[in-house]
Amino acid sequence: MTRAASGIIPVFSIDRLVPTALHRQIYNWYRKAIMEGMLRPGEQVPSTRALAKELGVSRFPVLDAHSQLLAEGYFESRTGGGTFICHSLPEHFMQCAAGPRLTSVHKSPRKIAGRSSLLPPLESSPWVREIGPFGVGQVAFDEFPIQVWSKLIAWHSRNTNPLTLHYGEQIGAMGLREAIADYLRTARSVRCDADQIMIVSSSQQALEISVRVLFDFGSPVWVEEPGYGLARDAFLLGGCRLVPVPVDQDGMNVEAGIKRCPHARAALVTPSHQFPVGSTMSVERRIRLLNWAQESGAWIIEDDYDCEYRYNGPPTPSLQGLDANARVIYIGTFSKVLFPSLRLGYVVIPRDLLSRFLAVHRAMDLGPPAFFQNVVADFIREGHFGRHIRKMRNVYRHRMGALVKSIDGELGSSVEMSGSEAGMHLTIRLLNDESDVEIAYRAAAENLWLWPLSTAYLAEPKSPGFILGFGGTPVASIQPAICKLRALIAAGKISHRDKRLIC
Ligand SMILES: Cc1ncc(COP(=O)(O)O)c(C=O)c1O
(Lines give C-alpha, C1' and ligand atoms only; values in the text may rest on other atoms or scores of the structure.)
Protein backbone atom coordinates (compact mmCIF):
# COMPACT_ATOMS: atom_id res chain seq x y z
CA MET A 1 0.00 0.00 0.00
CA THR A 2 1.33 3.46 -0.80
CA ARG A 3 1.66 5.75 2.19
CA ALA A 4 -0.80 8.56 2.45
CA ALA A 5 0.61 11.74 0.97
CA SER A 6 0.81 14.41 3.60
CA GLY A 7 2.55 17.56 2.35
CA ILE A 8 2.28 18.88 5.91
CA ILE A 9 4.70 21.68 6.71
CA PRO A 10 7.42 20.28 8.99
CA VAL A 11 8.34 21.95 12.26
CA PHE A 12 11.55 23.84 11.64
CA SER A 13 12.65 27.39 11.54
CA ILE A 14 15.33 29.35 9.85
CA ASP A 15 18.07 30.89 11.98
CA ARG A 16 19.18 34.15 10.39
CA LEU A 17 21.88 34.77 12.98
CA VAL A 18 24.07 31.80 11.99
CA PRO A 19 26.43 32.03 9.04
CA THR A 20 24.99 28.87 7.37
CA ALA A 21 23.22 29.73 4.10
CA LEU A 22 19.43 29.37 4.02
CA HIS A 23 19.40 26.61 1.37
CA ARG A 24 21.97 24.68 3.44
CA GLN A 25 19.83 24.98 6.60
CA ILE A 26 16.81 23.60 4.74
CA TYR A 27 18.87 20.81 3.17
CA ASN A 28 20.43 19.87 6.54
CA TRP A 29 17.08 19.82 8.28
CA TYR A 30 15.50 17.48 5.71
CA ARG A 31 18.51 15.18 5.62
CA LYS A 32 18.60 14.85 9.42
CA ALA A 33 14.83 14.30 9.62
CA ILE A 34 15.08 11.49 7.05
CA MET A 35 18.05 9.83 8.70
CA GLU A 36 16.41 9.95 12.13
CA GLY A 37 13.18 8.48 10.82
CA MET A 38 11.10 11.60 11.47
CA LEU A 39 10.23 11.65 7.78
CA ARG A 40 9.56 8.22 6.27
CA PRO A 41 9.83 6.86 2.69
CA GLY A 42 6.74 7.68 0.65
CA GLU A 43 5.72 10.75 2.66
CA GLN A 44 4.96 13.81 0.59
CA VAL A 45 6.95 16.95 1.29
CA PRO A 46 5.34 20.38 1.03
CA SER A 47 5.67 22.31 -2.20
CA THR A 48 8.56 24.76 -2.46
CA ARG A 49 6.08 27.61 -2.68
CA ALA A 50 4.23 26.59 0.51
CA LEU A 51 7.42 25.99 2.48
CA ALA A 52 8.99 29.30 1.38
CA LYS A 53 5.85 31.13 2.47
CA GLU A 54 5.76 29.35 5.81
CA LEU A 55 9.46 30.07 6.50
CA GLY A 56 9.17 33.65 5.35
CA VAL A 57 11.99 33.29 2.78
CA SER A 58 12.14 33.64 -0.99
CA ARG A 59 11.54 30.49 -3.06
CA PHE A 60 15.18 30.28 -4.29
CA PRO A 61 16.82 28.72 -1.21
CA VAL A 62 14.00 26.19 -0.96
CA LEU A 63 14.35 25.30 -4.67
CA ASP A 64 18.13 24.90 -4.21
CA ALA A 65 17.68 22.60 -1.21
CA HIS A 66 15.06 20.54 -3.05
CA SER A 67 17.22 20.03 -6.12
CA GLN A 68 20.14 18.90 -4.02
CA LEU A 69 17.96 16.45 -2.06
CA LEU A 70 16.56 15.16 -5.37
CA ALA A 71 20.02 14.81 -6.87
CA GLU A 72 21.30 12.89 -3.83
CA GLY A 73 18.32 10.51 -3.84
CA TYR A 74 16.63 11.65 -0.62
CA PHE A 75 13.64 12.99 -2.55
CA GLU A 76 11.87 11.69 -5.62
CA SER A 77 9.35 13.56 -7.71
CA ARG A 78 6.28 12.16 -9.42
CA THR A 79 5.09 13.91 -12.52
CA GLY A 80 2.15 16.05 -11.63
CA GLY A 81 2.06 14.51 -8.15
CA GLY A 82 4.55 16.46 -6.05
CA THR A 83 7.77 15.56 -4.24
CA PHE A 84 8.16 12.62 -1.86
CA ILE A 85 10.74 11.09 0.46
CA CYS A 86 12.43 8.49 -1.73
CA HIS A 87 11.00 4.95 -1.42
CA SER A 88 14.35 3.31 -2.09
CA LEU A 89 16.62 5.03 0.41
CA PRO A 90 19.96 3.24 0.65
CA GLU A 91 20.12 0.51 3.31
CA HIS A 92 22.41 2.44 5.68
CA PHE A 93 19.94 5.35 5.81
CA MET A 94 17.22 2.98 6.88
CA GLN A 95 19.42 1.66 9.66
CA CYS A 96 20.03 5.19 10.80
CA ALA A 97 16.30 5.80 10.66
CA ALA A 98 15.84 3.18 13.38
CA GLY A 99 18.08 5.26 15.64
CA PRO A 100 15.62 7.30 17.71
CA ARG A 101 13.35 4.31 18.31
CA LEU A 102 16.30 2.38 19.73
CA THR A 103 16.80 5.12 22.27
CA SER A 104 13.33 4.33 23.69
CA VAL A 105 14.50 0.85 24.82
CA HIS A 106 15.41 1.11 28.49
CA LYS A 107 17.32 -1.38 30.55
CA SER A 108 15.27 -1.00 33.71
CA PRO A 109 11.57 -0.05 33.97
CA ARG A 110 10.93 3.67 34.41
CA LYS A 111 8.73 5.06 37.17
CA ILE A 112 5.04 5.17 36.31
CA ALA A 113 1.81 5.23 38.36
CA GLY A 114 1.38 2.06 40.42
CA ARG A 115 -2.30 1.94 39.51
CA SER A 116 -1.65 1.50 35.79
CA SER A 117 0.47 -1.56 36.58
CA LEU A 118 -2.57 -3.18 38.21
CA LEU A 119 -3.96 -3.88 34.74
CA PRO A 120 -2.67 -6.81 32.69
CA PRO A 121 -1.07 -5.80 29.37
CA LEU A 122 -3.58 -5.80 26.53
CA GLU A 123 -1.53 -8.12 24.39
CA SER A 124 -1.80 -10.85 27.03
CA SER A 125 -5.48 -11.50 26.22
CA PRO A 126 -5.90 -12.14 22.47
CA TRP A 127 -9.49 -13.36 23.03
CA VAL A 128 -10.74 -9.89 23.91
CA ARG A 129 -9.55 -8.32 20.67
CA GLU A 130 -9.78 -10.65 17.72
CA ILE A 131 -12.69 -11.22 15.36
CA GLY A 132 -13.75 -14.83 14.75
CA PRO A 133 -15.73 -17.73 16.23
CA PHE A 134 -16.90 -17.18 19.84
CA GLY A 135 -15.39 -13.69 20.17
CA VAL A 136 -17.33 -11.96 22.99
CA GLY A 137 -18.88 -8.59 22.22
CA GLN A 138 -19.12 -9.23 18.48
CA VAL A 139 -22.44 -8.55 16.80
CA ALA A 140 -23.73 -10.05 13.54
CA PHE A 141 -21.92 -7.41 11.49
CA ASP A 142 -23.30 -8.64 8.16
CA GLU A 143 -26.91 -8.29 9.37
CA PHE A 144 -26.62 -4.57 10.10
CA PRO A 145 -28.93 -2.50 7.81
CA ILE A 146 -25.99 -0.77 6.20
CA GLN A 147 -28.09 0.72 3.36
CA VAL A 148 -30.48 2.51 5.69
CA TRP A 149 -27.53 3.64 7.80
CA SER A 150 -25.60 4.91 4.77
CA LYS A 151 -28.66 6.85 3.56
CA LEU A 152 -28.96 8.56 6.94
CA ILE A 153 -25.23 9.35 6.95
CA ALA A 154 -25.48 10.77 3.43
CA TRP A 155 -28.53 12.85 4.34
CA HIS A 156 -26.83 14.27 7.43
CA SER A 157 -23.64 14.97 5.46
CA ARG A 158 -25.57 16.95 2.87
CA ASN A 159 -27.77 18.77 5.36
CA THR A 160 -25.31 19.59 8.11
CA ASN A 161 -25.78 23.06 9.54
CA PRO A 162 -22.24 24.51 9.73
CA LEU A 163 -22.89 25.46 13.37
CA THR A 164 -23.10 21.76 14.28
CA LEU A 165 -19.38 21.59 13.49
CA HIS A 166 -18.78 23.35 16.79
CA TYR A 167 -18.64 21.46 20.14
CA GLY A 168 -21.98 19.90 20.90
CA GLU A 169 -23.81 20.20 24.21
CA GLN A 170 -21.99 18.44 27.04
CA ILE A 171 -25.09 16.46 27.91
CA GLY A 172 -25.51 15.26 24.31
CA ALA A 173 -27.80 15.98 21.36
CA MET A 174 -31.37 16.71 22.41
CA GLY A 175 -32.90 14.56 19.64
CA LEU A 176 -30.97 11.49 20.72
CA ARG A 177 -31.67 12.04 24.41
CA GLU A 178 -35.41 12.29 23.70
CA ALA A 179 -35.35 9.16 21.54
CA ILE A 180 -33.45 7.23 24.23
CA ALA A 181 -35.77 8.45 27.00
CA ASP A 182 -38.84 7.26 25.04
CA TYR A 183 -37.17 3.91 24.38
CA LEU A 184 -36.03 3.38 27.98
CA ARG A 185 -39.41 4.28 29.50
CA THR A 186 -41.25 1.95 27.14
CA ALA A 187 -38.91 -0.99 26.69
CA ARG A 188 -36.94 -0.96 29.96
CA SER A 189 -39.37 0.65 32.46
CA VAL A 190 -36.66 3.18 33.32
CA ARG A 191 -37.94 6.24 35.22
CA CYS A 192 -36.42 9.08 33.25
CA ASP A 193 -36.80 12.22 31.18
CA ALA A 194 -34.51 13.36 28.40
CA ASP A 195 -32.92 15.99 30.67
CA GLN A 196 -31.47 13.23 32.89
CA ILE A 197 -29.79 11.39 30.03
CA MET A 198 -26.18 12.16 29.20
CA ILE A 199 -24.65 10.79 26.00
CA VAL A 200 -21.18 9.30 26.42
CA SER A 201 -18.74 7.43 24.23
CA SER A 202 -19.54 4.02 25.77
CA SER A 203 -20.73 2.31 28.89
CA GLN A 204 -17.05 2.16 29.81
CA GLN A 205 -16.90 5.95 29.84
CA ALA A 206 -20.14 6.11 31.80
CA LEU A 207 -18.50 3.90 34.44
CA GLU A 208 -15.38 6.05 34.56
CA ILE A 209 -17.41 9.22 35.03
CA SER A 210 -19.54 7.54 37.72
CA VAL A 211 -16.41 6.45 39.60
CA ARG A 212 -14.96 9.96 39.55
CA VAL A 213 -18.22 11.55 40.65
CA LEU A 214 -19.18 9.09 43.37
CA PHE A 215 -16.11 7.65 45.07
CA ASP A 216 -13.10 8.78 47.01
CA PHE A 217 -9.80 6.96 47.00
CA GLY A 218 -10.14 3.65 48.88
CA SER A 219 -13.97 3.48 48.66
CA PRO A 220 -15.11 -0.13 48.91
CA VAL A 221 -17.38 -1.24 46.05
CA TRP A 222 -19.20 -4.57 45.60
CA VAL A 223 -18.48 -6.15 42.25
CA GLU A 224 -19.97 -9.32 40.84
CA GLU A 225 -17.87 -12.48 41.19
CA PRO A 226 -17.38 -13.55 38.43
CA GLY A 227 -17.84 -10.26 36.61
CA TYR A 228 -16.95 -7.98 33.71
CA GLY A 229 -13.24 -7.22 34.00
CA LEU A 230 -13.25 -3.94 32.08
CA ALA A 231 -15.85 -2.45 34.40
CA ARG A 232 -13.78 -3.57 37.38
CA ASP A 233 -10.71 -1.95 35.82
CA ALA A 234 -12.49 1.43 35.75
CA PHE A 235 -13.10 1.15 39.51
CA LEU A 236 -9.58 -0.07 40.16
CA LEU A 237 -8.03 2.83 38.26
CA GLY A 238 -10.34 5.19 40.14
CA GLY A 239 -8.75 3.99 43.38
CA CYS A 240 -11.72 1.94 44.62
CA ARG A 241 -11.30 -1.17 46.74
CA LEU A 242 -13.08 -4.03 44.96
CA VAL A 243 -15.14 -6.36 47.12
CA PRO A 244 -16.04 -9.51 45.16
CA VAL A 245 -19.60 -10.69 45.90
CA PRO A 246 -20.63 -14.12 44.58
CA VAL A 247 -23.25 -14.49 41.89
CA ASP A 248 -25.67 -17.42 41.52
CA GLN A 249 -28.77 -18.17 39.43
CA ASP A 250 -30.55 -15.22 41.14
CA GLY A 251 -27.82 -12.68 40.43
CA MET A 252 -25.57 -11.00 43.01
CA ASN A 253 -25.92 -12.53 46.48
CA VAL A 254 -26.82 -9.39 48.42
CA GLU A 255 -26.69 -11.09 51.84
CA ALA A 256 -23.14 -12.25 51.12
CA GLY A 257 -22.25 -8.67 50.16
CA ILE A 258 -23.71 -7.29 53.39
CA LYS A 259 -21.77 -9.87 55.41
CA ARG A 260 -18.52 -9.13 53.58
CA CYS A 261 -18.70 -5.34 53.53
CA PRO A 262 -21.91 -3.74 54.84
CA HIS A 263 -20.62 -0.19 54.38
CA ALA A 264 -19.60 -0.47 50.75
CA ARG A 265 -20.16 2.77 48.85
CA ALA A 266 -21.78 1.03 45.88
CA ALA A 267 -22.69 -2.16 44.05
CA LEU A 268 -21.90 -2.66 40.37
CA VAL A 269 -24.43 -5.06 38.86
CA THR A 270 -25.67 -6.48 35.54
CA PRO A 271 -29.14 -7.52 36.80
CA SER A 272 -30.87 -8.13 33.45
CA HIS A 273 -28.23 -10.55 32.20
CA GLN A 274 -25.33 -11.12 34.52
CA PHE A 275 -21.95 -10.98 32.82
CA PRO A 276 -20.67 -13.65 32.36
CA VAL A 277 -22.90 -16.36 33.85
CA GLY A 278 -26.12 -15.04 32.29
CA SER A 279 -28.48 -15.16 35.30
CA THR A 280 -31.27 -12.61 35.83
CA MET A 281 -31.44 -11.01 39.25
CA SER A 282 -34.58 -12.17 41.11
CA VAL A 283 -37.15 -9.63 42.30
CA GLU A 284 -36.36 -10.48 45.96
CA ARG A 285 -32.68 -9.74 45.44
CA ARG A 286 -33.48 -6.52 43.56
CA ILE A 287 -35.60 -5.27 46.43
CA ARG A 288 -33.00 -6.35 49.00
CA LEU A 289 -30.28 -4.54 47.04
CA LEU A 290 -32.33 -1.35 46.73
CA ASN A 291 -33.18 -1.41 50.45
CA TRP A 292 -29.54 -1.93 51.41
CA ALA A 293 -28.51 0.98 49.18
CA GLN A 294 -31.13 3.26 50.70
CA GLU A 295 -30.34 2.25 54.31
CA SER A 296 -26.59 2.52 53.95
CA GLY A 297 -26.46 5.51 51.60
CA ALA A 298 -24.79 3.48 48.85
CA TRP A 299 -25.15 3.79 45.07
CA ILE A 300 -26.12 1.07 42.62
CA ILE A 301 -24.56 1.13 39.19
CA GLU A 302 -26.70 -0.85 36.76
CA ASP A 303 -24.88 -1.91 33.58
CA ASP A 304 -27.74 -2.87 31.22
CA TYR A 305 -25.47 -3.78 28.32
CA ASP A 306 -27.47 -6.32 26.26
CA CYS A 307 -30.96 -6.27 27.75
CA GLU A 308 -32.69 -6.19 24.36
CA TYR A 309 -32.11 -9.86 23.63
CA ARG A 310 -34.13 -12.34 25.67
CA TYR A 311 -35.32 -15.53 24.01
CA ASN A 312 -37.88 -17.06 26.36
CA GLY A 313 -40.16 -14.10 27.02
CA PRO A 314 -40.13 -10.30 27.12
CA PRO A 315 -37.00 -8.49 28.38
CA THR A 316 -36.90 -8.11 32.17
CA PRO A 317 -37.54 -4.53 33.34
CA SER A 318 -34.62 -2.52 34.66
CA LEU A 319 -33.62 -2.38 38.32
CA GLN A 320 -33.70 1.42 38.06
CA GLY A 321 -37.44 1.26 37.36
CA LEU A 322 -38.01 -0.31 40.81
CA ASP A 323 -35.98 2.33 42.62
CA ALA A 324 -38.09 4.90 44.47
CA ASN A 325 -35.08 6.72 45.98
CA ALA A 326 -32.97 7.66 42.96
CA ARG A 327 -30.07 5.47 44.14
CA VAL A 328 -29.44 3.82 40.75
CA ILE A 329 -27.14 5.12 38.03
CA TYR A 330 -28.42 3.39 34.90
CA ILE A 331 -25.94 2.77 32.05
CA GLY A 332 -26.72 1.62 28.51
CA THR A 333 -24.74 1.20 25.30
CA PHE A 334 -25.28 0.94 21.54
CA SER A 335 -22.34 -1.47 21.25
CA LYS A 336 -24.49 -4.61 21.27
CA VAL A 337 -27.70 -3.37 19.76
CA LEU A 338 -26.07 -1.45 16.86
CA PHE A 339 -22.30 -1.99 16.61
CA PRO A 340 -19.30 -1.50 18.92
CA SER A 341 -17.19 0.85 16.78
CA LEU A 342 -19.98 3.44 16.98
CA ARG A 343 -18.75 4.24 20.53
CA LEU A 344 -21.99 5.66 21.83
CA GLY A 345 -23.61 4.96 25.16
CA TYR A 346 -25.70 6.81 27.72
CA VAL A 347 -26.22 7.23 31.42
CA VAL A 348 -29.43 8.05 33.25
CA ILE A 349 -28.44 10.30 36.14
CA PRO A 350 -30.39 11.07 39.34
CA ARG A 351 -31.32 14.76 39.08
CA ASP A 352 -29.31 15.94 42.10
CA LEU A 353 -26.11 14.51 40.57
CA LEU A 354 -26.57 15.94 37.08
CA SER A 355 -24.30 18.95 37.40
CA ARG A 356 -21.50 16.80 38.93
CA PHE A 357 -21.72 14.24 36.11
CA LEU A 358 -21.64 17.01 33.51
CA ALA A 359 -18.64 18.72 35.10
CA VAL A 360 -16.64 15.50 35.39
CA HIS A 361 -17.54 14.45 31.84
CA ARG A 362 -16.38 17.85 30.59
CA ALA A 363 -13.03 17.49 32.34
CA MET A 364 -12.52 14.11 30.66
CA ASP A 365 -13.91 14.73 27.21
CA LEU A 366 -16.17 17.23 25.45
CA GLY A 367 -18.54 14.51 24.28
CA PRO A 368 -18.93 12.08 21.39
CA PRO A 369 -19.39 13.36 17.81
CA ALA A 370 -22.69 15.23 17.39
CA PHE A 371 -22.89 13.95 13.81
CA PHE A 372 -23.34 10.32 14.85
CA GLN A 373 -25.64 11.27 17.72
CA ASN A 374 -27.96 12.91 15.17
CA VAL A 375 -27.76 9.91 12.83
CA VAL A 376 -28.65 7.50 15.65
CA ALA A 377 -31.51 9.76 16.77
CA ASP A 378 -33.03 9.52 13.28
CA PHE A 379 -32.33 5.79 13.13
CA ILE A 380 -34.41 5.37 16.29
CA ARG A 381 -37.11 7.92 15.41
CA GLU A 382 -37.72 6.47 11.95
CA GLY A 383 -38.34 3.00 13.38
CA HIS A 384 -35.17 1.29 12.09
CA PHE A 385 -33.93 0.66 15.63
CA GLY A 386 -37.06 -1.23 16.70
CA ARG A 387 -37.04 -3.24 13.45
CA HIS A 388 -33.35 -4.04 13.85
CA ILE A 389 -33.84 -5.29 17.42
CA ARG A 390 -36.73 -7.55 16.35
CA LYS A 391 -34.73 -8.97 13.46
CA MET A 392 -31.60 -9.51 15.53
CA ARG A 393 -33.53 -11.26 18.28
CA ASN A 394 -34.36 -13.96 15.71
CA VAL A 395 -30.85 -14.09 14.28
CA TYR A 396 -29.32 -14.51 17.74
CA ARG A 397 -32.00 -16.96 18.84
CA HIS A 398 -30.96 -19.22 15.92
CA ARG A 399 -27.27 -18.84 16.67
CA MET A 400 -27.82 -19.55 20.35
CA GLY A 401 -30.02 -22.59 19.53
CA ALA A 402 -27.34 -24.00 17.20
CA LEU A 403 -24.66 -23.42 19.84
CA VAL A 404 -26.65 -25.11 22.64
CA LYS A 405 -27.34 -28.12 20.35
CA SER A 406 -23.66 -28.42 19.38
CA ILE A 407 -22.49 -28.15 22.98
CA ASP A 408 -25.01 -30.79 24.08
CA GLY A 409 -23.98 -33.07 21.22
CA GLU A 410 -20.20 -32.65 21.31
CA LEU A 411 -19.31 -31.70 24.87
CA GLY A 412 -22.27 -33.30 26.69
CA SER A 413 -21.73 -33.93 30.35
CA SER A 414 -18.10 -32.79 30.33
CA VAL A 415 -19.27 -29.17 30.72
CA GLU A 416 -21.99 -27.26 32.54
CA MET A 417 -23.73 -24.61 30.47
CA SER A 418 -25.42 -21.44 31.69
CA GLY A 419 -26.91 -18.22 30.36
CA SER A 420 -28.56 -19.49 27.19
CA GLU A 421 -31.83 -17.54 27.69
CA ALA A 422 -30.58 -14.08 26.77
CA GLY A 423 -27.83 -11.93 25.31
CA MET A 424 -25.09 -12.76 22.85
CA HIS A 425 -22.91 -15.10 24.86
CA LEU A 426 -23.24 -18.15 27.07
CA THR A 427 -20.89 -19.75 29.52
CA ILE A 428 -19.61 -23.29 29.87
CA ARG A 429 -17.82 -24.51 32.97
CA LEU A 430 -15.21 -27.24 32.71
CA LEU A 431 -15.91 -29.93 35.26
CA ASN A 432 -12.31 -31.11 35.61
CA ASP A 433 -9.94 -28.34 36.50
CA GLU A 434 -8.08 -28.06 33.21
CA SER A 435 -6.42 -24.69 32.63
CA ASP A 436 -8.90 -22.67 30.59
CA VAL A 437 -6.23 -20.00 29.95
CA GLU A 438 -3.82 -22.54 28.43
CA ILE A 439 -6.60 -23.95 26.25
CA ALA A 440 -7.62 -20.43 25.20
CA TYR A 441 -4.06 -19.61 24.08
CA ARG A 442 -3.92 -22.83 22.07
CA ALA A 443 -7.35 -22.06 20.61
CA ALA A 444 -6.22 -18.55 19.63
CA ALA A 445 -3.48 -20.12 17.51
CA GLU A 446 -6.31 -21.87 15.62
CA ASN A 447 -8.38 -18.71 15.21
CA LEU A 448 -10.87 -19.66 17.92
CA TRP A 449 -11.47 -16.93 20.49
CA LEU A 450 -12.36 -18.44 23.85
CA TRP A 451 -12.58 -16.03 26.78
CA PRO A 452 -11.38 -18.03 29.81
CA LEU A 453 -13.99 -17.92 32.56
CA SER A 454 -11.33 -18.02 35.30
CA THR A 455 -10.14 -14.54 34.20
CA ALA A 456 -13.56 -13.15 35.16
CA TYR A 457 -12.88 -13.94 38.85
CA LEU A 458 -11.09 -11.67 41.28
CA ALA A 459 -10.52 -14.18 44.07
CA GLU A 460 -10.11 -17.95 44.48
CA PRO A 461 -11.63 -20.37 43.64
CA LYS A 462 -11.62 -19.44 39.97
CA SER A 463 -13.91 -21.80 38.14
CA PRO A 464 -12.42 -22.80 34.74
CA GLY A 465 -14.55 -22.58 31.62
CA PHE A 466 -15.22 -20.35 28.65
CA ILE A 467 -17.43 -17.39 27.81
CA LEU A 468 -18.59 -18.11 24.27
CA GLY A 469 -19.85 -15.17 22.23
CA PHE A 470 -22.22 -16.23 19.47
CA GLY A 471 -23.33 -12.80 18.19
CA GLY A 472 -20.68 -12.72 15.47
CA THR A 473 -20.55 -16.48 14.85
CA PRO A 474 -22.83 -17.59 11.98
CA VAL A 475 -24.80 -20.84 12.45
CA ALA A 476 -22.68 -22.67 9.85
CA SER A 477 -19.44 -21.96 11.78
CA ILE A 478 -20.74 -23.14 15.14
CA GLN A 479 -20.55 -26.95 14.82
CA PRO A 480 -16.98 -27.00 13.36
CA ALA A 481 -15.84 -24.53 16.04
CA ILE A 482 -17.33 -26.66 18.85
CA CYS A 483 -15.62 -29.78 17.38
CA LYS A 484 -12.32 -27.87 17.51
CA LEU A 485 -13.10 -26.88 21.10
CA ARG A 486 -13.83 -30.52 22.02
CA ALA A 487 -10.40 -31.54 20.69
CA LEU A 488 -8.72 -28.68 22.56
CA ILE A 489 -10.44 -29.61 25.83
CA ALA A 490 -9.45 -33.26 25.37
CA ALA A 491 -5.82 -32.23 24.77
CA GLY A 492 -6.07 -29.94 27.82
CA LYS A 493 -7.22 -32.85 29.98
CA ILE A 494 -4.23 -34.91 28.90
CA SER A 495 -1.71 -32.15 29.60
CA HIS A 496 -3.40 -31.45 32.97
CA ARG A 497 -3.17 -35.17 33.94
CA ASP A 498 0.47 -35.27 32.81
CA LYS A 499 1.28 -32.24 34.95
CA ARG A 500 -0.30 -33.91 38.00
CA LEU A 501 1.75 -37.07 37.38
CA ILE A 502 4.94 -35.02 37.19
CA CYS A 503 4.07 -33.19 40.43
C1 LIG B 1 -20.94 -6.33 30.84
C2 LIG B 1 -20.65 -5.42 29.69
N3 LIG B 1 -20.90 -4.11 29.80
C4 LIG B 1 -20.67 -3.26 28.78
C5 LIG B 1 -20.17 -3.70 27.57
C6 LIG B 1 -20.03 -2.75 26.40
O7 LIG B 1 -19.25 -1.72 26.64
P8 LIG B 1 -19.02 -0.45 25.71
O9 LIG B 1 -20.24 0.40 25.71
O10 LIG B 1 -17.90 0.18 26.43
O11 LIG B 1 -18.66 -0.92 24.33
C12 LIG B 1 -19.84 -5.03 27.43
C13 LIG B 1 -19.22 -5.49 26.18
O14 LIG B 1 -18.82 -6.62 26.00
C15 LIG B 1 -20.09 -5.92 28.50
O16 LIG B 1 -19.83 -7.22 28.37
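Note that ligands are numbered from 1 as they come in the structure, with each ligand's atoms numbered from 1 the same way. These numbers were taken from a predicted model, which means no experiment stands behind them. Numbers for residues simply follow the sequence, beginning at 1.
Ring geometry for Y228 versus F275: interplanar angle over 60°, hence perpendicular rather than tilted (30 to 60°). Ring planes of F144 and F379: parallel class, angle under 30° (limits at 30 and 60°).
Near ligand 1, residues S202, S203, Q204, Y228, F275, D303, Y305, T333, S335, K336, R343 each place a heavy atom inside the 4.0 Å sphere around the ligand atoms.
Qualifying ring pair (Phe, Tyr, Trp, His ring centres under 6.0 Å) partners for F372, counting only residues two or more places apart in sequence or in other chains: none.
Salt-bridge annotation for E208 and R212: present, with a side-chain N of the basic residue lying under 4.0 Å from a carboxylate O of the acidic one. A salt bridge does not link E308 with K336: every distance from a Lys NZ or Arg NE/NH1/NH2 to an Asp or Glu carboxylate oxygen is 4.0 Å or more. Remark: R285 engages D248 in a salt bridge, criterion side-chain N to carboxylate O under 4.0 Å.
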